[in-house]
There are 2 protein chains.
Amino acid sequence: MPRINIKDIAQKAGVSKTAVSFAFNNPSRLSEATVQQILTIAEEMGYSPDPVARSMSTGRTGTIGLLLPQPLPEIVRNPFFPEFLEGIGEVCAHSGLSLMLVPPLKGSIRRAIINAAVDGFLTLGLEEFKATMVVLRQRGVPFVTVDSDPIEGVPAINVDDAGGACQAMRHVLSLGHRQIAILAIRSGKQGHYREYVGTLGARMHGYLQALEEYGLTIDRRAIRLLECASTEEGGMESFQTLWKLSRHPTAIIAMSDIIAIGVIKAANTAGLHVPQDLSVVGFDDITMASLIHPALTTVAQPSREKGEIATRLLVKLIEANAKPVHQMLPTRLIERNSVCPPRREEP
Amino acid sequence: MPRINIKDIAQKAGVSKTAVSFAFNNPSRLSEATVQQILTIAEEMGYSPDPVARSMSTGRTGTIGLLLPQPLPEIVRNPFFPEFLEGIGEVCAHSGLSLMLVPPLKGSIRRAIINAAVDGFLTLGLEEFKATMVVLRQRGVPFVTVDSDPIEGVPAINVDDAGGACQAMRHVLSLGHRQIAILAIRSGKQGHYREYVGTLGARMHGYLQALEEYGLTIDRRAIRLLECASTEEGGMESFQTLWKLSRHPTAIIAMSDIIAIGVIKAANTAGLHVPQDLSVVGFDDITMASLIHPALTTVAQPSREKGEIATRLLVKLIEANAKPVHQMLPTRLIERNSVCPPRREEP
DNA sequence: CTCGATCTAACAATCGTTTGAAAAACGTAT
DNA sequence: ATACGTTTTTCAAACGATTGTTAGATCGAG
């Protein structure tokens, strides 16, 4: 038995379909009495306009899509995702929009983009950029990229990952550390850090810049680079790898807090004292960073704002055709208790 | 300039719209050569079937809606929301479905339900139940309620809030506590605990049951009930209120971890030692519960599973018409370090 | 060369709305 | 009664696909 539709109501009320439509969307074009009658009958029969059919006609869905590079379960584990969502949610609520989460469909981002019935996309940290961009373009709806390398003509919201990373590295260097390990999030680039892209690339760039200011560079001896999974285990394993080497670093800089926390835990169980024996810096400022002992020195980014600003821009693009702007939000170093000057060097 | 559509492709390829449609959805009904030709042209012209129009025809959107009782920003702050999402995400990924977050639209859940182009709804902790249920019914798509008082004939997934609460209270009672304060999440019911509904009601019920087993009941003297906001501040204020009274409780049982954490912090700043001077129990087992000092004894629920099972059921309801089942998932008491026997009573 | 079987592809209806343009209804002034 | 300006209401054409049914092409066999 099919859902009750506009024709049924029109028939029952003895008016045309048009009249019923007007009763809902443009009551001023009908007499008050007719509107009331139609609405009453609709209420009685439990009718409401079909959202799909309405979208078909109006060309609007009232929904924006959040395009995710990975399956939902992996994304939501990301500790700053909720904050980002919060920012999006604020703007959505204000504009009366719904939010559709759009992970890859059967492994394909392309399929996901093509299938999503939305008025516009927010993309979060896309990797395979060029291909995806083409699909987005031909999909024909506006989109705003977040956390992707900015491209001319494509609206983009980013945070100053490079600047934050640079601050973090500078902080450590300024305290006198010269034996430093960088723990990068594993990317499949096998340590070829010049090929890093996106967030990863920006952070790496920041680290390198600070090193350069001190006349240093990654040399596999004093300044080392290791890749690991962005998990506690990844951090723990990396610590162990490093501690097997002859010369230990006096500071470890991790590209994510969760890695840094793994390092601290592993260091603790190895009997070391953080920061006296080993300084540790993270990135992201997740909740746990301030709760762990010692509290983690890290780089914070305005996740909520990022979502908010990106969504605001997208809404503008959907409603009118605003200009595709780039915007970069600040990051800042949060100094807590996991960093101090290195011990005097023992000969 | 209108989006390119099926007709354009048909024209260009010199075939009918039907053929183009088949090339995408049912290639076996066309010769291999034709399919290839159509697909190539579609590729060249950047065509893909419009998702809205497709939904219109097929009656399917490929999307399920998560109906939320509050605006997005408030919901995502809820620490177990991500886990719940994770469970939903797993099933969605597996079934090739997208997820639409559906908060109240301009303050109205009804409007939100009516407007959402989805194949089914998951509802999370709905309060105004009867009204919403009616709207959902007439919306004509299947739905599964999560964390709502179960109703005959409506598929529902719940966790054993009552059982968990009962265990928590029993635990405290069995250690000898007889001066106990219950901190309930404020609900507008002004302490009339018999009117609590949903999760709140179930937890309260559990506390009361355990008390009854010991021949006790809420009496405003030994066993007290206080309502507060489910925030750290709420917990802190409640502690202060309680400590102004002549007879202090030896144990505080909070309906949420975040309240319990507020209590612990306030107790610490008041110079008390938890648990020696005051035992504290929470509910939810959020991440912070295990990180705070002392680690919080609390009741854990399988949030991820809850999402997973609910979604699985919804998918079944959408695909065939399965039976509307009720299911209750277990909760369990996690004993950590915030509870111990009360001090010997001083006369 | 014709007939029938087997593939291919096309026709046309359908999904449930919205909306610009046109018709009908109505009241009022001439 | 007629003409005219407002309201009120209806017509019918989109919107962009899918799909059951049917017509036409192709091919081999008789």
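Please read these numbers as outputs of a predicted model, since none were measured by experiment. So that the names make sense, note that chain A is the first sequence line, chain B the second, and so on, each numbered from 1.
Residues B/Ala53 and A/Ser28 both approach DNA chain D. Their nearest nucleotides, taken by heavy-atom distance, put A/Ser28 toward the 5′ side.
Rounded to a whole Å, the CG atom of B/Leu30 is 15 Å from the P atom of D/dT26. Put simply, CD1 on A/Ile9 is 13 Å from P on C/dG16, counting in whole angstrom units. Note: CG (A/Asn25) to P (C/dT17) measures 10 Å, nearest angstrom. At whole-Å resolution of the value, NZ in A/Lys17 and C1' in C/dT17 are 8 Å apart. Computed from coordinates, the A/Met56 CE to C/dG16 P distance equals 13 Å when rounded to whole Å. Residue B/Ile6 contributes atom CD1, which lies 13 Å from atom C1' of C/dA10 at whole-angstrom precision. In this structure, A/Phe22 atom CZ and C/dA21 atom C1' are separated by 11 Å, rounded to whole Å. Taking atom CG on A/Asp8 and atom P on C/dG16, their separation rounds to 9 Å, with Å as the unit.
B/Ser21 approaches B/Ile6 most closely through the heavy-atom pair N-CD1, 3.9 Å. Contact between A/Ile38 and A/Ala13 at its shortest, heavy atoms only, is CG1-CB, 4.4 Å.
Among the protein residues, A/Val15 comes within range of the sugar-phosphate backbone only, with heavy atoms under 4.0 Å from sugar or phosphate atoms but none that close to a base. At a threshold of 4.0 angstrom between heavy atoms, the contacts of B/Tyr47 are confined to the sugar-phosphate backbone, with no base atom among them. Heavy atoms of A/Lys7 sit nowhere under 4.0 angstrom from any nucleic acid atom. B/Asn26 comes within 4.0 angstrom of nothing in the nucleic acid, heavy atoms only. Using a 4.0 Å heavy-atom cutoff across all strands shown, B/Val52 reaches no nucleic acid atom at all.
Comparing atom distances between the A/Thr34 side chain and each of D/dT8, C/dT19, D/dA17 picks out D/dT8 as nearest. In the set C/dA9, D/dA17, C/dG16, D/dA17 carries the atom at the smallest distance from any side-chain atom of B/Arg54. For A/Ala19, taking side-chain heavy atoms from C-beta onward, the closest of the listed nucleotides D/dT10, D/dT18, C/dT17 is D/dT10. Set against C/dT18, D/dT18, D/dT8, the side chain of A/Ser21 has C/dT18 as its closest nucleotide.
Looking only at distances, a side-chain donor or acceptor of B/Ser55 sits under 3.5 Å from a matching main-chain atom of B/Arg60.
Side-chain to base pairing of A/Ser31 with D/dT7: no donor and acceptor N or O lie closer than 3.5 Å to each other. For A/Thr18 and D/dC11, a side-chain-to-base donor-acceptor distance below 3.5 Å is present, hydrogens and geometry of angles not being considered. Below the 3.5 angstrom threshold, one finds no donor paired with an acceptor across the side chain of B/Arg29 and the base of D/dT18. For A/Ser16 against D/dT10, no side-chain N or O and base N or O form a donor-acceptor pair under 3.5 Å.
A 4.5 Å side-chain heavy-atom check between B/Thr61 and A/Val52 finds at least one atom pair inside the cut-off. Contact annotation: the side chain of A/Met100 never approaches that of A/Ile64 to less than 4.5 Å [non-hydrogen atoms, C-beta and beyond].
Taking a cutoff of 4.0 Å between a charged side-chain nitrogen and a carboxylate oxygen, A/Arg304 and A/Glu90 qualify as a salt bridge.
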